[in-house]
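Working notes for the structure below.
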2 protein chains.
Amino acid sequence: MSSPAPLTLDELLARVRAGGRRVTVAKRTVARVLLTTTGHTRADDLINDVHVMAPDVSASTVYRILDEFEELGLVVHAHLGSGAAVYHLAGPVHGHLVCNVCHATTEVPSAVFDALAQDLRHEYGFTLDRHHVALSGVCAACARRRIS
Amino acid sequence: MSSPAPLTLDELLARVRAGGRRVTVAKRTVARVLLTTTGHTRADDLINDVHVMAPDVSASTVYRILDEFEELGLVVHAHLGSGAAVYHLAGPVHGHLVCNVCHATTEVPSAVFDALAQDLRHEYGFTLDRHHVALSGVCAACARRRIS
DNA sequence: TTAGATGCAAAGACTTTGCGCACTT
DNA sequence: AAGTGCGCAAAGTCTTTGCATCTAA
């Protein structure tokens, strides 16, 4: 249940080496971007950010690196409804509320799903992956806007 | 809380007319396929099934018709993790449990999410869309398989 | 030195769109 | 008759892959 401590760049790269992979300019750059990015970011945006720091890194490389980081448990991705997947550093586990109307996404602590997770385990033998909870609906702001 | 009664082909097409749209061979075929299909089906599979009955109906038309049916409230679609969206007739509201390992999807009654929905409303002002609940994790069968 | 990593370009999966003709109403 | 809906083909979005080259260790 303990949240992983926030990683530094060096720790992150150390984990890459520990996984038997090499540390390269591209990986360093992707790592830096992930560390400076708040929230959930589409690969597209990550690629743009990477290009600012290292214009020669190609999109396919970023995808490959994100896959690798995910295998190493450094990064998590989620599919928030239609459209591109979003990525973020593995950190405190949380779920996502995605607004149907404005597409804003809100993070919610994993504890909100405790009761549901127990239910699903008991009733269906289903082990909820709390990293990937993404629920759609209407956010508070849009609900207000809709009434008026 | 009442579940819509299961629609017949004629009722379905009547609703299309009621919505001010025309009834065509393509729509009739898509409707028939949806009615004979159990569970959640990717557009791809629907298109194949439609082709069996009406080889001349094009894929883009099926997509257009699914959109139209969805606007009319006849069909619901959901994004179950990565990959293509799945479609099904609007019926009893339910959520989906998607296995990370074998990709099987299990339907669960909407009531399972009642408590969660209340929490989300109260804590975050978020109105859960129960039609689109898709949770990933590990299903009972795969969990067993993993242990051994 | 040498296997893993990258860039580039092409392909792939899924879905949408433009256009002129056909079919429903 | 009027105009919605359709087939076809092309484009669009997001992501993966093949291959020759380069580079970290």
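Note that the structure is predicted; figures quoted are calculated from it, not measured. Labels below follow one simple rule: chain letters A, B, ... track the order of the sequence lines, proteins then strands, and each chain is numbered from 1.
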Mind calculating the distance between OH (B/Y63) and P (D/dC6) to the nearest angstrom? 16 Å
Just by distance, no angles: are the side chains of B/E70 and B/H77 close enough, under 3.5 Å, to form a donor-acceptor pair? yes
Base, sugar-phosphate, or nothing for A/S58, non-hydrogen atoms under 4.0 angstrom? base
Interatomic distance where CG belongs to B/L72 and P belongs to D/dT4 [whole Å]: 15 Å
Hydrophobic cluster partners of A/Y124 (side-chain heavy atoms under 4.5 Å): A/L97, A/V108, A/V112, A/F113, A/L116, A/L120, A/F126, A/L128, A/V133, A/L135, B/L97, B/V108, B/V112, B/F113, B/L116, B/L120, B/Y124, B/F126, B/L128, B/V133, B/L135
Sugar-phosphate only, base, or nothing, as touched by A/A59 at under 4.0 Å among non-hydrogen atoms: nothing
Check if the side chain of B/S60 and the base of D/dC8 share a donor-acceptor pair of N or O atoms closer than 3.5 Å. yes
Measuring from atom CD1 of B/I65 to atom CG of B/L74, what distance do you get when rounded to the nearest 0.5 angstrom? 12.0 Å
Between P of D/dT16 and CD of A/E71, the distance in whole Å: 12 Å
Judged by each residue's nearest nucleotide on DNA chain C, which is more toward the 5′ side, B/R42 or B/R21? B/R42
DNA chain C: 5'-most and 3'-most nucleotides touching chain B, 4.0 angstrom heavy-atom criterion: C/dC14 to C/dT25
No-hydrogen, no-angle side-chain donor-acceptor test under 3.5 Å, A/H79 and B/H79: no
OG1-CD1 distance between B/T41 and B/I47, expressed to the nearest 0.5 angstrom: 11.5 Å
Per atom distances to the A/D44 side chain, the nearest of D/dC6, D/dT16, D/dC14 is D/dC14
Answer with base, sugar-phosphate or nothing: what part of the nucleic acid does A/R64 contact at a heavy-atom distance below 4.0 Å? base
B/D56 CG to D/dC8 P, straight-line distance once rounded to whole Å: 7 Å
Quick one: label A/R17 by what it contacts on the DNA or RNA (base, sugar-phosphate, nothing), any heavy atom closer than 4.0 Å. sugar-phosphate
Atom pair distance, as rounded to whole Å: CD1 in B/I65 and P in D/dG5: 10 Å
Start at the 5' end of DNA chain C and walk down; is the nucleotide closest to B/A84 or to B/V23 reached first? B/A84
Rounding to a whole Å, what distance do you find between A/L66:CG and D/dT17:P? 15 Å
Establish, from distance only, whether the side-chain atoms of B/N48 and B/H51 form a donor-acceptor pair under 3.5 Å. no
From OG1 (A/T61) to CD (A/E68), nearest 0.5 Å: 11.0 Å
Within this structure, what is the CD1-to-P distance between A/I47 and D/dT15, rounded to whole angstrom? 8 Å
